[in-house]
Engineer: 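The structure follows.
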Amino acid sequence: MKKINGEKIYLLPELPYEYDALVPFLSNEQIRIHHQKHHAGYVAGVNASFEKLEQARIGNVDLDMKATLKNQAFHIGGYLLHKLFWNNLAPLNDGGGVPAGEILIAINNEFGSFERFQKEFTQTALSTEGSGWAALVYCKCTKRPLLMQIEKHNINIYPNFKILLVLDVWEHAYYIDYKNDRGKYIEAFWKIVNWKKVEERFEKVMA
Ligand code: MN
């Protein structure tokens with residue numbers, strides 16, 4: 001959240017690469033629409049929700065707090081997850097493969113092998129019902145990485161677990177390039193994962 005002209009609002013973050021940087025795995029059009037329409041939609045949604053709360057406070061009007069906060073959680077979740085997602089994708093020749101360092105050790109210790117982790121993550125992403133996310137997260141209590149299957153943007157999230165890697169499996173993330181073939185999209189995702197960023201996040205969490 002940034003302050004603009006004294007207003008505290010969310011802003012659409014710029015991508016850390018050009019719109020065509022992930023071709024041929026994700027097209028310019030796919031990334032552009034995902035960023036400019038969908039991610040931007042969550043930014044607009046959360047700002048509208050703050051505005052609605054503020055207006056109600058000024059007018060001393062009662063709101064349906066359950067509906068209002070559900071809507072706000074949905075949009076904040078969408079805003080944050082997309083920000084993480086863009087940053088854990090890498091332009092060609094810079095992504096994919098196998099991670100290195102501490103994150104690889106942690107994955108091997110937990111899942112037995114990188115291949116087993118990759119298989120479980122893929123199955124997590126494939127089996128997400130409707131719209132949601134697959135995530136690799138870290139539990140600071142047990143010092144173990146684990147998988148999380150997030151529904152929509154905000155359901156099944158464990159408070160305070162640190163997200164290391166996310167994959168958006170909403171249909172809007174892949175329909176232009178892969179139609180309804182989520183499996184093909186997930187295969188492509190493995191070619192553009194930015195393991196360096198995942199490792200950086202992991203090191204920060206461990207520090
Ligand atoms: Mn999305």
Side-chain angles (χ1 to χ4, degrees), residues 1-2 4 9-48 73-99 103 118 121-137 147-155 157 162-202:
M1 191 148 81
K2 284 177 191 164
I4 297 209
I9 59 165
Y10 284 85
L11 293 176
L12 180 65
E14 275 186 35
L15 293 188
Y17 35 72
E18 300 297 321
Y19 284 115
D20 60 1
L22 307 173
V23 173
F25 299 107
L26 287 167
S27 67
N28 183 317
E29 191 187 8
Q30 179 67 73
I31 295 294
R32 185 183 298 273
I33 288 178
H34 195 177
H35 181 244
Q36 292 183 356
K37 301 290 179 195
H38 296 282
H39 195 178
Y42 304 125
V43 173
V46 65
N47 290 330
F74 174 84
H75 285 102
I76 292 178
Y79 165 80
L80 290 171
L81 284 168
H82 283 91
K83 204 172 156 188
L84 288 167
F85 180 57
W86 302 130
N87 280 293
N88 68 223
L89 297 180
L92 289 190
N93 304 321
D94 228 7
V98 174
I103 185 68
Q118 203 170 26
F121 189 99
T122 296
Q123 288 168 344
T124 300
L126 271 175
S127 65
T128 302
E129 267 180 339
S131 300
W133 300 73
L136 174 69
V137 302
L147 296 174
M148 187 158 75
Q149 188 176 60
I150 303 164
E151 290 176 24
K152 295 186 182 171
H153 301 307
N154 51 328
I155 300 168
I157 286 194
K162 298 293 173 186
I163 295 178
L164 304 173
L165 169 70
V166 282
L167 172 59
D168 189 345
V169 292
W170 281 60
E171 215 169 65
H172 73 220
Y174 58 87
Y175 69 100
I176 292 170
D177 291 343
Y178 299 97
K179 302 290 183 280
N180 60 338
D181 195 342
R182 191 187 285 183
K184 275 259 158 59
Y185 162 67
I186 297 168
E187 264 175 47
F189 166 73
W190 290 120
K191 304 279 192 341
I192 47 174
V193 179
N194 192 334
W195 284 117
K196 278 176 216 153
K197 286 282 177 210
V198 178
E199 199 178 339
E200 276 171 28
R201 268 182 216 161
F202 187 57

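Values below: all heavy atoms of this structure, side chains included; hydrogens, waters and symmetry mates excluded. Start at 1 with the first residue, then count along the sequence.
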Engineer: Do H35 side-chain atoms and E14 backbone N/O form a donor-acceptor pair below 3.5 Å?
Structural biologist: no

Engineer: How many angstroms lie between atom CG of L84 and atom NZ of K162, to the nearest 0.5 angstrom?
Structural biologist: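 L84 atom CG to K162 atom NZ measures 10.5 Å (nearest 0.5 Å).
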
Engineer: Is a side-chain donor or acceptor of Q30 paired with a backbone partner of H172 at a separation under 3.5 angstrom?
Structural biologist: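 Checking the backbone N and O of H172 against the side chain of Q30, a donor-acceptor pair under 3.5 Å is found.
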
Engineer: Does any donor atom in the side chain of Y42 or H82 lie under 3.5 Å from an acceptor atom in the other side chain?
Structural biologist: no

Engineer: Considering non-hydrogen atoms only, spot the tightest contact between A134 and T124 and give its length.
Structural biologist: CB-CG2, 4.0 Å

Engineer: How far apart are the closest heavy atoms of I103 and E199, and which atoms are they?
Structural biologist: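 Heavy atoms only, the tightest pair is CG2-CG, 3.8 Å.
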
Engineer: What's the separation between atom CD in E18 and atom CZ in R32, rounded to the nearest 0.5 Å?
Structural biologist: 9.5 Å

Engineer: Could you tell me whether the side chain of L89 reaches within less than 4.5 Å of the side chain of F189, counting heavy atoms only?
Structural biologist: yes

Engineer: Would you give the length of the straight line joining atom CG of L136 to atom CZ of F121, rounded to the nearest 0.5 angstrom?
Structural biologist: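 One gets 7.0 Å once the value is rounded to the nearest 0.5 Å.
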
Engineer: Taking side-chain hydrogen bond (donor to acceptor under 3.5 Å, both in side chains) as the test, write out the residues that go with H39, two or more places apart.
Structural biologist: W86

Engineer: Has the side chain of N88 got a donor or acceptor atom that lies under 3.5 Å from a matching backbone atom of V166?
Structural biologist: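 Between the backbone of V166 and the side chain of N88 there is a qualifying donor-acceptor contact (under 3.5 Å).
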
Engineer: With a 6.0 Å cut-off on the ring centroids, do W170 and H34 count as close?
Structural biologist: no

Engineer: Identify the heavy atoms of A40 and L12 that sit nearest to each other, and give their distance.
Structural biologist: N-CD1, 3.7 Å

Engineer: If you measure from NZ on K184 to OH on Y178, what distance do you get to the nearest 0.5 Å?
Structural biologist: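 Separation between the atoms: 9.0 Å.
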
Engineer: How far apart are the closest heavy atoms of Y174 and N180, and which atoms are they?
Structural biologist: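 Looks like CE1-C, 4.1 Å.
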
Engineer: Please name the pair of heavy atoms, one in I150 and one in H153, separated by the smallest distance, quoted to 0.1 Å.
Structural biologist: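 Nearest pair, atom of I150 first, then H153: CG2-C, 3.7 Å.
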
Engineer: Testing the 3.5 Å rule here: is there a donor-acceptor pair between the side chains of Q149 and T128?
Structural biologist: yes

Engineer: Under the side-chain hydrogen bond (donor to acceptor under 3.5 Å, both in side chains) test, which residues partner D177, sequence neighbours left out?
Structural biologist: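 For D177 the side-chain hydrogen bond (donor to acceptor under 3.5 Å, both in side chains) partners, ignoring immediate neighbours, are S27.
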
Engineer: Atom CG of N194 and atom CZ of R201: how far apart are they, to the nearest 0.5 Å?
Structural biologist: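 That separation rounds to 8.5 Å.
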
Engineer: Checking R182 side chain against A125 main chain: does a donor-acceptor pair fall under 3.5 Å?
Structural biologist: yes

Engineer: Indicate yes or no for a side-chain donor-acceptor contact from N47 to the backbone of Y10 under 3.5 Å, with no hydrogens or angles considered.
Structural biologist: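 Side chain of N47 to backbone of Y10: a pair is present.
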
Engineer: Please examine the side chains of L126 and I186, heavy atoms only from C-beta on, and report whether any two atoms are closer than 4.5 Å.
Structural biologist: yes

Engineer: I want to check something: taking the side chain as every heavy atom from C-beta on, are V98 and Q118 in contact at a cut-off of under 4.5 Å?
Structural biologist: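 No; the side chains remain at least 4.5 Å from each other.
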
Engineer: Quickly, which of I176, D20, L22 forms a side-chain contact (heavy atoms from CB on, under 4.5 Å) with N28? Name it, please.
Structural biologist: D20

Engineer: Out of curiosity, L167 CG to Y185 OH, how far, rounded to the nearest 0.5 Å?
Structural biologist: 4.5 Å

Engineer: Please list, chain by chain and in numerical order, all residues satisfying side-chain hydrogen bond (donor to acceptor under 3.5 Å, both in side chains) with K196, sequence neighbours excluded.
Structural biologist: D94

